[in-house]
Amino acid sequence: MKKIEAIIKPFKLDEVKEALNEVGLKGLTVLEAKGFGRQKGHTELYRGAEYVVDFLPKVKIELVIEDNLAERAIEAIQEAAHTGRIGDGKIFVSTIDEAIRIRTGERGAEAV
């Protein structure tokens, strides 16, 4: 199994969720986040005063998926979250050794 963590722009969440549903997604965790990458935020003007917004609003998506669906899920996220502008986000993939459903004790792919 693979754990996919994607940090995307908030307005792209629905598109990404729909794309993942088409791949065969069974579950998804979404967290509101703030952060910055290479863009290092931006400056805004408010009532004549300039201030720096260095932590930009983002959404972090986490999902655990079977190995055979992982590449399709990554492609779906990449295509749905892409705007072509700076700050589109990142995707991180890691291997999951074990998953356990607390309610039933199921393990592995059945637990996901």
Would you please name every residue forming a salt bridge (charged side-chain N to carboxylate O under 4.0 Å, His left out) with [X], sequence neighbours left out?
{"X": "Glu15", "answer": "Lys12"}
{"X": "Lys90", "answer": "none"}
{"X": "Arg72", "answer": "none"}

- [ ] Determine whether Ile96 and Val112 fall in the same hydrophobic cluster, where Ile, Leu, Val, Met, Phe, Trp and Tyr are linked whenever their side-chain heavy atoms lie under 4.5 Å apart.
- [x]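 Yes, Ile96 connects to Val112 through the hydrophobic network.
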Task: Cluster check Ile61, Val93: I/L/V/M/F/W/Y, side chain < 4.5 angstrom - done: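 Yes, Ile61 and Val93 fall within the same hydrophobic cluster.
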Contact summary for [X] and [Y], nearest pair of heavy atoms:
{"X": "Leu20", "Y": "Ile77", "value": "CD2-CG1, 3.8 Å"}
{"X": "Val59", "Y": "Pro10", "value": "CG2-CA, 3.5 Å"}
{"X": "Ala111", "Y": "Ala99", "value": "CB-O, 3.5 Å"}

TODO: Applying side-chain contact (heavy atoms from CB on, under 4.5 Å), name anything that partners Glu110, two or more places apart in sequence or on another chain.
DONE: Glu106
Open item on the list: Test: salt bridge (charged side-chain N to carboxylate O under 4.0 Å, His left out). Region: residues 74-85. Which pairs qualify, not counting sequence neighbours?
Closed with: none
Approximate separation, where rounding is to 0.5 Å, of [X] [atom1] and [Y] [atom2]:
{"X": "Leu28", "Y": "Ile65", "atom1": "CG", "atom2": "CD1", "answer": "10.0 Å"}
{"X": "Leu25", "Y": "Leu69", "atom1": "CG", "atom2": "CG", "answer": "9.5 Å"}
{"X": "Arg103", "Y": "Ile100", "atom1": "CZ", "atom2": "CD1", "answer": "15.0 Å"}

Report, one line per pair, each donor and acceptor closer than 3.5 Å where one atom sits in a side chain of residues 1-9; sequence neighbours left out.
unit_1 : atom_1 : unit_2 : atom_2 : d
Lys2   : NZ     : Thr95  : OG1    : 3.2
Glu5   : OE1    : Lys60  : NZ     : 3.0
Lys9   : NZ     : Ile86  : O      : 3.4

Open item on the list: Tell me which pairs pass side-chain hydrogen bond (donor to acceptor under 3.5 Å, both in side chains) where either residue lies in residues 16-35, with sequence neighbours left out.
Closed with: Lys26-Glu66
Task: Main-chain N/O of Val30 paired with Glu62 side-chain donor or acceptor, under 3.5 Å - done: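 No, Glu62 side chain to Val30 backbone: no donor-acceptor pair under 3.5 Å.
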TODO: Report yes or no: does Asp88 contribute a side-chain atom to a donor-acceptor pair with the main-chain N or O of His82 at less than 3.5 Å?
DONE: no
Open item on the list: Which residues end up grouped with Ile102 if you chain together Ile, Leu, Val, Met, Phe, Trp and Tyr wherever their side-chain heavy atoms are less than 4.5 Å apart?
Closed with: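 Other cluster members: none.
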